[in-house]
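The structure displayed is predicted, hence computed values, not measured ones. Letters A, B, ... mirror the listed sequences (proteins, then strands); counts begin at 1.
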There are 2 protein chains.
Amino acid sequence: MRAPQQERSRATQQRLLEATVDCLVLHGWSGATTTVIAERAGVSRGAQLHHYPTRAALVLAAVTHLAERRAEEIRKEAAALTGDRDERLDRVLDILAAAFTGPLFVAALEVWVAARTDPELRDALVPLEARVGREMHRLTVEVLSADERRPGVREAVQATLDLLRGLGVANLLTDDSHRRGLLLAAWKLQLTTILGT
Amino acid sequence: MRAPQQERSRATQQRLLEATVDCLVLHGWSGATTTVIAERAGVSRGAQLHHYPTRAALVLAAVTHLAERRAEEIRKEAAALTGDRDERLDRVLDILAAAFTGPLFVAALEVWVAARTDPELRDALVPLEARVGREMHRLTVEVLSADERRPGVREAVQATLDLLRGLGVANLLTDDSHRRGLLLAAWKLQLTTILGT
(Lines give C-alpha, C1' and ligand atoms only; values in the text may rest on other atoms or scores of the structure.)
Protein backbone atom coordinates (compact mmCIF):
# COMPACT_ATOMS: atom_id res chain seq x y z
CA MET A 1 0.00 0.00 0.00
CA ARG A 2 3.02 2.32 0.42
CA ALA A 3 3.86 2.87 -3.22
CA PRO A 4 0.40 3.94 -4.46
CA GLN A 5 0.08 6.45 -1.63
CA GLN A 6 3.49 7.92 -2.39
CA GLU A 7 2.43 8.16 -5.99
CA ARG A 8 -0.79 9.95 -5.03
CA SER A 9 1.22 12.37 -2.86
CA ARG A 10 3.57 13.05 -5.72
CA ALA A 11 0.69 13.66 -8.11
CA THR A 12 -0.92 16.08 -5.63
CA GLN A 13 2.38 17.93 -5.25
CA GLN A 14 2.82 18.14 -9.03
CA ARG A 15 -0.69 19.54 -9.43
CA LEU A 16 -0.04 22.15 -6.73
CA LEU A 17 3.28 23.21 -8.27
CA GLU A 18 1.86 23.47 -11.78
CA ALA A 19 -1.12 25.43 -10.45
CA THR A 20 1.25 27.79 -8.61
CA VAL A 21 3.12 28.56 -11.84
CA ASP A 22 -0.17 29.01 -13.75
CA CYS A 23 -1.56 31.36 -11.08
CA LEU A 24 1.63 33.44 -10.98
CA VAL A 25 1.45 33.84 -14.77
CA LEU A 26 -2.31 34.57 -14.81
CA HIS A 27 -2.75 36.71 -11.70
CA GLY A 28 0.73 37.91 -10.72
CA TRP A 29 2.22 37.57 -7.25
CA SER A 30 -0.53 39.35 -5.32
CA GLY A 31 -3.31 37.41 -7.06
CA ALA A 32 -1.65 34.01 -6.67
CA THR A 33 -2.93 33.36 -3.15
CA THR A 34 -2.84 29.87 -1.62
CA THR A 35 -6.66 29.73 -1.85
CA VAL A 36 -6.65 30.49 -5.59
CA ILE A 37 -3.83 27.98 -6.15
CA ALA A 38 -5.58 25.18 -4.21
CA GLU A 39 -8.78 25.80 -6.19
CA ARG A 40 -6.96 25.67 -9.52
CA ALA A 41 -5.11 22.49 -8.51
CA GLY A 42 -8.37 20.89 -7.34
CA VAL A 43 -6.68 20.09 -4.02
CA SER A 44 -8.23 20.62 -0.58
CA ARG A 45 -6.77 23.29 1.70
CA GLY A 46 -5.89 20.52 4.16
CA ALA A 47 -3.92 18.54 1.60
CA GLN A 48 -2.22 21.73 0.42
CA LEU A 49 -1.15 22.64 3.96
CA HIS A 50 0.05 19.07 4.52
CA HIS A 51 2.44 19.27 1.56
CA TYR A 52 3.35 22.98 1.73
CA PRO A 53 2.65 24.56 5.14
CA THR A 54 3.29 28.15 3.99
CA ARG A 55 2.87 30.21 0.84
CA ALA A 56 6.66 30.67 0.77
CA ALA A 57 7.24 26.88 0.92
CA LEU A 58 4.81 26.35 -1.98
CA VAL A 59 6.29 29.13 -4.12
CA LEU A 60 9.89 28.02 -3.50
CA ALA A 61 9.02 24.44 -4.42
CA ALA A 62 7.33 25.79 -7.55
CA VAL A 63 10.44 27.82 -8.50
CA THR A 64 12.62 24.73 -8.06
CA HIS A 65 10.17 22.59 -10.05
CA LEU A 66 10.02 25.27 -12.73
CA ALA A 67 13.82 25.50 -13.04
CA GLU A 68 14.12 21.72 -13.33
CA ARG A 69 11.37 21.57 -15.95
CA ARG A 70 13.01 24.37 -17.93
CA ALA A 71 16.45 22.68 -17.79
CA GLU A 72 14.95 19.38 -18.93
CA GLU A 73 13.19 21.05 -21.87
CA ILE A 74 16.31 22.92 -22.96
CA ARG A 75 18.48 19.79 -22.69
CA LYS A 76 15.98 17.72 -24.66
CA GLU A 77 15.54 20.27 -27.44
CA ALA A 78 19.30 20.84 -27.69
CA ALA A 79 19.94 17.08 -27.89
CA ALA A 80 17.59 16.84 -30.87
CA LEU A 81 19.54 19.45 -32.87
CA THR A 82 21.46 18.49 -35.97
CA GLY A 83 23.68 20.58 -38.23
CA ASP A 84 27.14 22.06 -37.90
CA ARG A 85 28.44 24.08 -34.99
CA ASP A 86 27.17 27.46 -36.27
CA GLU A 87 23.69 26.12 -37.00
CA ARG A 88 23.56 24.54 -33.57
CA LEU A 89 24.59 27.79 -31.86
CA ASP A 90 21.89 29.61 -33.81
CA ARG A 91 19.21 27.14 -32.69
CA VAL A 92 20.45 26.90 -29.10
CA LEU A 93 20.16 30.68 -28.73
CA ASP A 94 16.60 30.50 -30.04
CA ILE A 95 15.76 27.75 -27.54
CA LEU A 96 17.23 29.77 -24.67
CA ALA A 97 15.45 32.95 -25.82
CA ALA A 98 12.15 31.03 -25.87
CA ALA A 99 12.82 29.88 -22.29
CA PHE A 100 13.47 33.47 -21.19
CA THR A 101 10.27 34.79 -22.74
CA GLY A 102 7.97 31.91 -21.78
CA PRO A 103 5.62 31.43 -18.82
CA LEU A 104 8.32 29.88 -16.62
CA PHE A 105 10.40 33.07 -16.82
CA VAL A 106 7.35 35.24 -16.13
CA ALA A 107 6.43 33.19 -13.04
CA ALA A 108 10.01 33.32 -11.73
CA LEU A 109 10.17 37.09 -12.27
CA GLU A 110 6.97 37.56 -10.24
CA VAL A 111 8.62 35.69 -7.36
CA TRP A 112 11.97 37.56 -7.63
CA VAL A 113 10.27 40.94 -7.57
CA ALA A 114 8.01 39.95 -4.65
CA ALA A 115 11.02 38.58 -2.73
CA ARG A 116 12.76 41.95 -2.93
CA THR A 117 10.35 43.41 -0.36
CA ASP A 118 9.53 40.16 1.54
CA PRO A 119 12.48 39.28 3.83
CA GLU A 120 11.29 35.72 4.63
CA LEU A 121 10.83 34.81 0.97
CA ARG A 122 14.05 36.56 0.03
CA ASP A 123 16.21 34.68 2.54
CA ALA A 124 14.89 31.38 1.26
CA LEU A 125 15.06 32.37 -2.41
CA VAL A 126 18.63 33.71 -2.52
CA PRO A 127 20.47 30.35 -2.04
CA LEU A 128 17.98 28.62 -4.32
CA GLU A 129 18.49 31.22 -7.07
CA ALA A 130 22.29 30.95 -6.72
CA ARG A 131 22.01 27.21 -7.35
CA VAL A 132 19.57 27.62 -10.23
CA GLY A 133 21.84 30.30 -11.76
CA ARG A 134 24.90 28.01 -11.57
CA GLU A 135 22.97 25.13 -13.12
CA MET A 136 21.66 27.34 -15.92
CA HIS A 137 25.20 28.51 -16.64
CA ARG A 138 26.50 24.91 -16.70
CA LEU A 139 23.63 23.84 -18.97
CA THR A 140 24.31 26.73 -21.37
CA VAL A 141 28.02 25.83 -21.54
CA GLU A 142 26.98 22.24 -22.25
CA VAL A 143 24.43 22.94 -24.99
CA LEU A 144 26.74 25.47 -26.65
CA SER A 145 29.70 23.02 -26.38
CA ALA A 146 31.63 26.04 -25.07
CA ASP A 147 35.20 25.68 -23.81
CA GLU A 148 35.45 27.93 -20.77
CA ARG A 149 39.24 27.62 -20.66
CA ARG A 150 39.38 29.91 -23.72
CA PRO A 151 39.71 33.60 -22.84
CA GLY A 152 36.43 35.50 -22.79
CA VAL A 153 34.22 32.42 -23.15
CA ARG A 154 32.99 32.33 -19.56
CA GLU A 155 32.08 36.04 -19.66
CA ALA A 156 30.38 35.62 -23.04
CA VAL A 157 28.19 32.78 -21.73
CA GLN A 158 27.25 34.88 -18.70
CA ALA A 159 26.56 37.93 -20.86
CA THR A 160 24.31 35.78 -23.07
CA LEU A 161 22.20 34.76 -20.07
CA ASP A 162 22.03 38.32 -18.73
CA LEU A 163 21.10 39.60 -22.19
CA LEU A 164 18.34 36.99 -22.43
CA ARG A 165 17.05 38.01 -18.99
CA GLY A 166 16.91 41.62 -20.19
CA LEU A 167 15.11 40.53 -23.35
CA GLY A 168 12.66 38.58 -21.19
CA VAL A 169 11.79 41.73 -19.25
CA ALA A 170 11.48 43.72 -22.51
CA ASN A 171 8.90 41.16 -23.65
CA LEU A 172 6.70 41.44 -20.53
CA LEU A 173 4.13 43.93 -21.80
CA THR A 174 4.37 43.63 -25.58
CA ASP A 175 5.49 41.12 -28.18
CA ASP A 176 9.14 42.12 -28.66
CA SER A 177 9.99 39.17 -30.94
CA HIS A 178 10.84 41.19 -34.06
CA ARG A 179 13.39 43.43 -32.33
CA ARG A 180 14.69 40.42 -30.34
CA GLY A 181 15.25 38.43 -33.54
CA LEU A 182 17.39 41.18 -35.10
CA LEU A 183 19.35 41.69 -31.92
CA LEU A 184 19.97 37.96 -31.41
CA ALA A 185 21.14 37.58 -35.01
CA ALA A 186 23.92 40.10 -34.28
CA TRP A 187 24.65 38.48 -30.90
CA LYS A 188 24.97 35.03 -32.49
CA LEU A 189 27.69 36.33 -34.83
CA GLN A 190 29.57 37.84 -31.87
CA LEU A 191 29.24 34.68 -29.86
CA THR A 192 30.39 32.46 -32.72
CA THR A 193 33.60 34.50 -32.93
CA ILE A 194 34.20 34.42 -29.17
CA LEU A 195 33.47 30.70 -28.75
CA GLY A 196 35.83 29.91 -31.65
CA THR A 197 35.87 26.59 -33.46
CA MET B 1 -1.21 85.54 -7.41
CA ARG B 2 -1.12 83.00 -10.29
CA ALA B 3 2.59 82.22 -10.35
CA PRO B 4 3.05 81.34 -6.65
CA GLN B 5 0.08 78.99 -6.77
CA GLN B 6 1.42 77.24 -9.86
CA GLU B 7 4.73 76.90 -8.06
CA ARG B 8 3.03 75.38 -5.01
CA SER B 9 1.15 72.96 -7.27
CA ARG B 10 4.37 71.97 -8.95
CA ALA B 11 6.09 71.42 -5.60
CA THR B 12 3.18 69.25 -4.40
CA GLN B 13 3.35 67.20 -7.60
CA GLN B 14 7.11 66.75 -7.23
CA ARG B 15 6.70 65.57 -3.65
CA LEU B 16 4.02 63.07 -4.68
CA LEU B 17 6.11 61.71 -7.55
CA GLU B 18 9.24 61.35 -5.42
CA ALA B 19 7.19 59.68 -2.67
CA THR B 20 5.72 57.27 -5.24
CA VAL B 21 9.20 56.20 -6.35
CA ASP B 22 10.35 55.87 -2.71
CA CYS B 23 7.31 53.78 -1.77
CA LEU B 24 7.73 51.49 -4.79
CA VAL B 25 11.36 50.88 -3.79
CA LEU B 26 10.58 50.42 -0.09
CA HIS B 27 7.30 48.50 -0.17
CA GLY B 28 6.97 47.12 -3.71
CA TRP B 29 3.91 47.54 -5.89
CA SER B 30 1.35 46.05 -3.51
CA GLY B 31 2.61 48.10 -0.55
CA ALA B 32 2.80 51.38 -2.44
CA THR B 33 -0.85 52.32 -1.98
CA THR B 34 -2.10 55.86 -2.59
CA THR B 35 -2.64 56.27 1.19
CA VAL B 36 0.96 55.30 2.00
CA ILE B 37 2.27 57.57 -0.78
CA ALA B 38 0.19 60.60 0.37
CA GLU B 39 1.44 60.09 3.94
CA ARG B 40 5.08 59.90 2.85
CA ALA B 41 4.68 63.01 0.66
CA GLY B 42 2.98 64.90 3.49
CA VAL B 43 0.13 65.75 1.11
CA SER B 44 -3.58 65.52 1.94
CA ARG B 45 -5.67 62.87 0.18
CA GLY B 46 -7.72 65.72 -1.33
CA ALA B 47 -4.68 67.40 -2.84
CA GLN B 48 -3.38 64.04 -4.08
CA LEU B 49 -6.68 63.24 -5.81
CA HIS B 50 -6.76 66.77 -7.29
CA HIS B 51 -3.39 66.24 -9.00
CA TYR B 52 -3.64 62.49 -9.70
CA PRO B 53 -7.21 61.15 -9.67
CA THR B 54 -6.20 57.47 -9.84
CA ARG B 55 -3.34 55.29 -8.64
CA ALA B 56 -2.53 54.55 -12.30
CA ALA B 57 -2.29 58.30 -13.11
CA LEU B 58 0.07 58.82 -10.18
CA VAL B 59 2.26 55.85 -11.01
CA LEU B 60 2.47 56.72 -14.72
CA ALA B 61 3.45 60.30 -13.88
CA ALA B 62 6.07 58.91 -11.51
CA VAL B 63 7.49 56.60 -14.22
CA THR B 64 7.73 59.57 -16.61
CA HIS B 65 9.32 61.74 -13.94
CA LEU B 66 11.72 58.94 -13.08
CA ALA B 67 12.78 58.42 -16.71
CA GLU B 68 13.38 62.16 -17.15
CA ARG B 69 15.39 62.36 -13.95
CA ARG B 70 17.46 59.33 -14.98
CA ALA B 71 18.15 60.77 -18.45
CA GLU B 72 19.19 64.12 -16.95
CA GLU B 73 21.59 62.42 -14.52
CA ILE B 74 23.16 60.27 -17.24
CA ARG B 75 23.55 63.24 -19.59
CA LYS B 76 25.10 65.37 -16.86
CA GLU B 77 27.55 62.70 -15.70
CA ALA B 78 28.53 61.86 -19.28
CA ALA B 79 29.11 65.53 -20.09
CA ALA B 80 31.57 65.78 -17.18
CA LEU B 81 33.74 62.94 -18.53
CA THR B 82 37.23 63.57 -19.80
CA GLY B 83 39.74 61.18 -21.36
CA ASP B 84 40.00 59.51 -24.75
CA ARG B 85 37.28 57.57 -26.49
CA ASP B 86 38.04 54.24 -24.80
CA GLU B 87 38.13 55.77 -21.32
CA ARG B 88 34.86 57.56 -22.00
CA LEU B 89 33.19 54.34 -23.18
CA ASP B 90 34.41 52.60 -20.05
CA ARG B 91 32.94 55.30 -17.79
CA VAL B 92 29.71 55.67 -19.76
CA LEU B 93 29.03 51.95 -19.34
CA ASP B 94 29.58 52.30 -15.59
CA ILE B 95 27.16 55.25 -15.45
CA LEU B 96 24.53 53.28 -17.38
CA ALA B 97 25.06 50.18 -15.21
CA ALA B 98 24.58 52.33 -12.09
CA ALA B 99 21.30 53.62 -13.55
CA PHE B 100 20.09 50.06 -14.22
CA THR B 101 20.86 48.87 -10.70
CA GLY B 102 19.67 51.95 -8.80
CA PRO B 103 16.34 52.77 -7.16
CA LEU B 104 14.85 54.24 -10.34
CA PHE B 105 15.25 50.92 -12.14
CA VAL B 106 13.79 49.01 -9.20
CA ALA B 107 10.74 51.29 -9.05
CA ALA B 108 10.18 50.99 -12.82
CA LEU B 109 10.47 47.18 -12.64
CA GLU B 110 7.81 47.06 -9.91
CA VAL B 111 5.46 48.96 -12.23
CA TRP B 112 6.28 46.85 -15.33
CA VAL B 113 5.63 43.61 -13.50
CA ALA B 114 2.41 44.92 -11.94
CA ALA B 115 1.23 46.17 -15.35
CA ARG B 116 1.54 42.68 -16.82
CA THR B 117 -1.56 41.55 -14.92
CA ASP B 118 -3.35 44.94 -14.70
CA PRO B 119 -4.93 45.75 -18.11
CA GLU B 120 -5.70 49.42 -17.30
CA LEU B 121 -2.15 50.14 -16.15
CA ARG B 122 -0.70 48.13 -19.00
CA ASP B 123 -2.61 49.99 -21.74
CA ALA B 124 -1.37 53.30 -20.37
CA LEU B 125 2.18 52.10 -19.72
CA VAL B 126 2.92 50.50 -23.11
CA PRO B 127 3.05 53.74 -25.20
CA LEU B 128 4.90 55.50 -22.40
CA GLU B 129 7.51 52.72 -22.18
CA ALA B 130 7.96 52.76 -25.97
CA ARG B 131 8.76 56.48 -25.78
CA VAL B 132 11.07 56.06 -22.76
CA GLY B 133 12.83 53.16 -24.53
CA ARG B 134 13.42 55.24 -27.69
CA GLU B 135 14.74 58.15 -25.63
CA MET B 136 17.06 55.88 -23.65
CA HIS B 137 18.40 54.43 -26.90
CA ARG B 138 18.97 57.92 -28.36
CA LEU B 139 20.68 59.04 -25.14
CA THR B 140 22.97 55.99 -25.14
CA VAL B 141 23.94 56.61 -28.77
CA GLU B 142 24.68 60.23 -27.84
CA VAL B 143 26.79 59.56 -24.73
CA LEU B 144 28.72 56.77 -26.51
CA SER B 145 29.22 59.01 -29.58
CA ALA B 146 28.11 55.96 -31.57
CA ASP B 147 27.62 56.14 -35.33
CA GLU B 148 24.54 54.05 -36.06
CA ARG B 149 25.23 54.09 -39.82
CA ARG B 150 28.09 51.64 -39.19
CA PRO B 151 27.04 47.98 -39.47
CA GLY B 152 26.20 46.32 -36.17
CA VAL B 153 26.30 49.53 -34.12
CA ARG B 154 22.55 49.91 -33.67
CA GLU B 155 22.22 46.28 -32.53
CA ALA B 156 25.21 46.65 -30.19
CA VAL B 157 23.68 49.71 -28.51
CA GLN B 158 20.39 47.82 -28.09
CA ALA B 159 22.20 44.73 -26.77
CA THR B 160 24.00 46.95 -24.26
CA LEU B 161 20.70 48.24 -22.88
CA ASP B 162 19.11 44.77 -22.79
CA LEU B 163 22.23 43.36 -21.12
CA LEU B 164 22.08 46.15 -18.51
CA ARG B 165 18.38 45.41 -17.90
CA GLY B 166 19.27 41.76 -17.31
CA LEU B 167 22.07 42.78 -14.95
CA GLY B 168 19.60 45.03 -13.13
CA VAL B 169 17.30 42.05 -12.49
CA ALA B 170 20.28 39.91 -11.41
CA ASN B 171 21.03 42.57 -8.79
CA LEU B 172 17.51 42.63 -7.28
CA LEU B 173 18.05 40.26 -4.36
CA THR B 174 21.80 40.32 -3.82
CA ASP B 175 24.76 42.59 -4.53
CA ASP B 176 25.90 41.33 -7.93
CA SER B 177 28.51 44.07 -8.44
CA HIS B 178 31.60 41.83 -8.52
CA ARG B 179 30.26 39.53 -11.25
CA ARG B 180 28.79 42.53 -13.09
CA GLY B 181 32.18 44.30 -13.08
CA LEU B 182 33.94 41.32 -14.70
CA LEU B 183 31.20 40.86 -17.24
CA LEU B 184 31.07 44.55 -18.16
CA ALA B 185 34.87 44.64 -18.57
CA ALA B 186 34.56 41.98 -21.28
CA TRP B 187 31.57 43.71 -22.90
CA LYS B 188 33.39 47.07 -23.00
CA LEU B 189 36.15 45.46 -25.09
CA GLN B 190 33.56 43.97 -27.46
CA LEU B 191 31.70 47.25 -27.73
CA THR B 192 34.89 49.23 -28.40
CA THR B 193 35.60 46.96 -31.37
CA ILE B 194 32.05 47.18 -32.71
CA LEU B 195 31.74 50.95 -32.33
CA GLY B 196 35.12 51.42 -34.08
CA THR B 197 37.12 54.63 -33.94
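For the side chain to side chain contact (heavy atoms under 4.5 Å, CB included) test with V113(B), the passing option among V106(A), V113(A), V169(A) is V113(A); the others fail.
Both L167(B) and F105(B) are assigned to one and the same hydrophobic cluster, defined by single-linkage of ILVMFWY side chains at heavy-atom distances under 4.5 Å. V111(B) and V36(B) are assigned to two separate hydrophobic clusters, defined by single-linkage of ILVMFWY side chains at heavy-atom distances under 4.5 Å. Criterion: ILVMFWY side-chain heavy atoms under 4.5 Å apart, direct or through other members. Under it, L144(A) and M136(A) are part of a common hydrophobic cluster. The hydrophobic clustering, which links ILVMFWY residues whose side-chain heavy atoms are closer than 4.5 Å, places L172(A) and L161(A) together. Note on L182(B) and L96(B): separate hydrophobic clusters, where clusters join Ile, Leu, Val, Met, Phe, Trp and Tyr whose side-chain heavy atoms are under 4.5 Å apart, directly or indirectly.
Contact annotation for A115(A): both backbone and side-chain heavy atoms come within less than 4.5 Å of a heavy atom of chain B. At a 4.5 Å heavy-atom cutoff, the contact between A170(B) and chain A is made by backbone and side-chain atoms alike. With a 4.5 Å cut-off on non-hydrogen atoms, L109(B) touches chain A through its side chain but not through its backbone. Only the backbone of L26(B) comes within contact range of chain A, with at least one heavy atom under 4.5 Å from a heavy atom of that chain. Neither the backbone nor the side chain of L189(A) comes within less than 4.5 Å of any heavy atom in chain B. Within the 4.5 angstrom heavy-atom criterion, only backbone atoms of L24(B) (N, CA, C, O) approach chain A. Within the 4.5 angstrom heavy-atom criterion, only side-chain atoms of L125(B), from C-beta onward, approach chain A.
For residues 25-36 of chain B, there are no salt bridge (Lys or Arg N to Asp or Glu O under 4.0 Å) pairs, not counting sequence neighbours.
A distance of 10.0 Å separates CG of L163(A) from CG of L164(B), quoted to the nearest 0.5 Å.
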So between chain A and chain B, what donor-acceptor pairs come in under 3.5 Å?
| from | atom 1 | to | atom 2 | distance (Å) |
| --- | --- | --- | --- | --- |
| L24(A) | O | R116(B) | NH2 | 2.9 |
| V25(A) | O | R116(B) | NH1 | 2.8 |
| V25(A) | O | R116(B) | NH2 | 2.9 |
| E110(A) | OE2 | R116(B) | NE | 3.3 |
| E110(A) | OE2 | R116(B) | NH2 | 3.0 |
| R116(A) | NE | E110(B) | OE2 | 3.3 |
| R116(A) | NH1 | V25(B) | O | 2.8 |
| R116(A) | NH2 | L24(B) | O | 3.0 |
| R116(A) | NH2 | V25(B) | O | 3.0 |
| R116(A) | NH2 | E110(B) | OE2 | 2.9 |
| R122(A) | NH2 | L173(B) | O | 2.9 |
| Q158(A) | OE1 | R179(B) | NH1 | 3.0 |
| D162(A) | OD1 | R179(B) | NH2 | 2.9 |
| D162(A) | OD2 | R179(B) | NH1 | 2.8 |
| D162(A) | OD2 | R179(B) | NH2 | 3.1 |
| R165(A) | NH1 | G166(B) | O | 3.0 |
| G166(A) | O | R165(B) | NH1 | 3.0 |
| L173(A) | O | R122(B) | NH2 | 3.0 |
| R179(A) | NH1 | Q158(B) | OE1 | 2.9 |
| R179(A) | NH1 | D162(B) | OD2 | 2.8 |
| R179(A) | NH2 | D162(B) | OD1 | 2.9 |
| R179(A) | NH2 | D162(B) | OD2 | 3.1 |

